[in-house]
2 protein chains.
Amino acid sequence: MSRKAAQVATARDDLLAAGLAVFDRDGFDGATVAAIRTRARASNGSFFHFFGSKKELAGTLFLEILARYHAAVVAAVDESCGAREGVARLIRAHLDWVVNSRREARYLFEISRSEWTEGIRGAQRAQNSRLAEAVERWRAPLVARGELLPMTSSVFFSQIIGPAQIFCRAWLSGRDRADPREQAEILIACAIRAVVAPDVADKAGEAV
Amino acid sequence: MSRKAAQVATARDDLLAAGLAVFDRDGFDGATVAAIRTRARASNGSFFHFFGSKKELAGTLFLEILARYHAAVVAAVDESCGAREGVARLIRAHLDWVVNSRREARYLFEISRSEWTEGIRGAQRAQNSRLAEAVERWRAPLVARGELLPMTSSVFFSQIIGPAQIFCRAWLSGRDRADPREQAEILIACAIRAVVAPDVADKAGEAV
DNA sequence: CGTTACTCTAGAGTGATACTCTAGAAACGG
DNA sequence: CCGTTTCTAGAGTATCACTCTAGAGTAACG
């Protein structure tokens with residue numbers, strides 16, 4: 001089964017990769033199953049053997065790419081980094097991933113539609129909460145120590161990702177040509193003001 | 001021409017309204033031209049007389065709704081309101097519009113796609129800059145007076161709209177059931193820290 | 001080797017649907 | 001009342017997602 005399993009995996013993965021490429025080039029409506037099949041050198045039968053429909057392939061692709069994005073964000077912070085440092089890293093991780101994985105980001109944020117993510121809603125939520133949990137492991141202690149202002153996890157995310165996302169979407173859609181990373185410093189500065197507790201003018205604690 | 005113009009307008013507008021309704025119910029792919037035609041009681045010929053394609057109707061609808069959204073936001077601030085007041089009003093205007101015009105908001109932010117907005121890119125940009133200009137008339141003096149921190153217009157927008165939009169999208173897509181307006185206060189507080197200059201501890205100017 | 005069971009490949013066929021085309025009705029201008 | 005333009009009508013067409021049937025490849029077991 002080993003060699004066969006490997007072949008199956010490549011056939012399936014070829015289809016997924018081809019799907020990403022074609023969706024990126026032609027959009028979801030523009031992309032035809034035929035184009036994806038051809039690019040992956042798979043027959044019609046194979047396509048519908050692995051995926052029940054074009055939407056199902058799209059949904060699978062969505063979850064796979066979401067996982068990669070989450071991995072990139074989670075890797076940005078560890079328990080050793082402070083409030084400002086962590087905020088800066090999260091924002092940079094988001095901007096870097098979007099720019100360096102343009103295709104994937106375009107798929108996640110521009111092409112994918114909530115309507116055909118519905119069958120996958122559960123898995124999506126599960127992934128989201130795993131991400132939230134991971135970030136909370138870094139954030140909660142800082143809130144407890146008063147270095148980060150108290151707010152819910154989702155509000156915190158909205159402050160970190162939201163503004164950056166405006167620039168990312170404009171860039172991904174082609175509406176704006178400028179690299180969103182050009183805004184990194186100012187976005188970080190704003191986010192820090194929004195969520196980090198102001199210095200109390202005593203660095204006493206750190207000086208020990 | 002007067003009566004005819006009125007009829008033409010209703011035939012065309014009926015199609016646009018029907019399009020919005022059907023897109024909201026079935027999504028873009030799910031919506032058939034036949035369904036839109038039927039709902040608007042228009043023949044196939046009429047449909048393709050007014051709009052060259054389904055996408056063209058979608059694009060026209062996009063611009064129309066974008067204009068309504070912009071109008072709602074612009075109406076929020078006038079030259080008489082201060083920094084904090086203005087920031088709060090902009091955020092509330094956004095949240096209110098999204099919740100009160102759920103269909104339209106869903107269309108703008110969830111259903112519409114950059115791919116078929118391309119033929120309209122120019123008009124979209126023009127509308128965006130008219131909005132930016134209007135908000136700048138309120139913001140620029142406050143920046144000059146040092147009440148708002150200096151940043152580009154687009155960064156300012158990203159701070160106001162970005163975080164709110166995270167909640168709005170989650171709500172519009174059905175991923176989250178909670179009314180985004182519940183977050184209004186905390187979002188405003190964060191935005192104020194992000195973009196409003198801190199009090200210099202003298203309310204002298206105001207006390208005169 | 002033979003048999004059975006299962007997964008995957010193959011591609012012809014089908015139904016739905018976006019869009020085209022041709023013809024005529026309705027409104028308006030002179 | 002005629003000519004022109006705008007709009008309506010619906011039959012026709014091409015494309016595309018998806019179905020169906022048949023069979024090839026592989027493994028497990030005797």
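All values derive from a computational prediction rather than experimental measurement. Reminder, nothing fancy here: chain letters follow the sequence lines and each chain counts from 1. Note that these values count all heavy atoms, side chains included, but never hydrogens, waters or copies made by symmetry.
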Whole-Å distance, B:Ile36 CD1 to C:dA16 P, equals 19 Å

Selected nucleotide, minimal atom distance to A:Lys54 side chain, candidates C:dT9, D:dT8, D:dC18
D:dC18

Protein-nucleotide distance (A:Phe51, atom CZ; D:dA17, atom P), rounded to Å
15 Å

Taking only side-chain N and O atoms of B:His49, does any of them lie within less than 4.0 angstrom of OP1 or OP2 on D:dT8?
no

Taking OP1 and OP2 of C:dT9, is either one under 4.0 Å from a side-chain nitrogen or oxygen of A:Ser43?
no

Taking it one step at a time, do B:Glu182 and B:Phe167 satisfy side chain to side chain contact (heavy atoms under 4.5 Å, CB included)?
CA-CA 10 Å; B:Glu182 288 170 18; B:Phe167 289 98; over 6 Å; no

Rounded to the Å, how far apart are B:Lys55 NZ and C:dT17 C1'?
15 Å

Specify the residue among A:Thr32 and A:Gly45 whose closest nucleotide of DNA chain D lies further upstream toward the 5′ end.
A:Thr32

Distance check needed: D:dC16 P versus A:Phe47 CZ, whole Å only.
14 Å

Indicate yes or no for a side-chain donor-acceptor contact from A:Ser173 to the backbone of A:Ala170 under 3.5 Å, with no hydrogens or angles considered.
yes

note: B:Arg37, atom CZ; C:dA18, atom P; distance rounded to Å ~ 10 Å

For B:Asp29 and D:dC18, give me the distance from atom CG to atom P, rounded to whole Å.
10 Å

A:Phe48 CZ to C:dA10 P, in whole Å, measures 15 Å

Examine the base of C:dT17 for any acceptor or donor lying under 3.5 Å from a partner atom in the side chain of B:Asn44, and report the outcome as yes or no.
no

Spacing of B:Phe23 atom CZ relative to C:dA18 atom C1', expressed in whole Å
12 Å

Main-chain N/O of B:Arg175 paired to A:Arg125 side chain as donor or acceptor, under 3.5 Å
yes

Could you go step by step and tell me if B:Leu16 and B:Phe50 meet the side chain to side chain contact (heavy atoms under 4.5 Å, CB included) rule?
CA-CA 10 Å; B:Leu16 283 169; B:Phe50 289 113; over 6 Å; no

Which nucleotide in the list D:dC18, C:dC19, C:dT9 gets nearest to the side chain of A:Phe50?
C:dT9

Classify the nucleic acid contact of B:Ala35 as base, sugar-phosphate or nothing, counting any heavy atom under 4.0 Å across all strands shown.
nothing

Stacked cation flag A:Arg113 on A:Phe28, 6.0 angstrom / 45 deg:
no

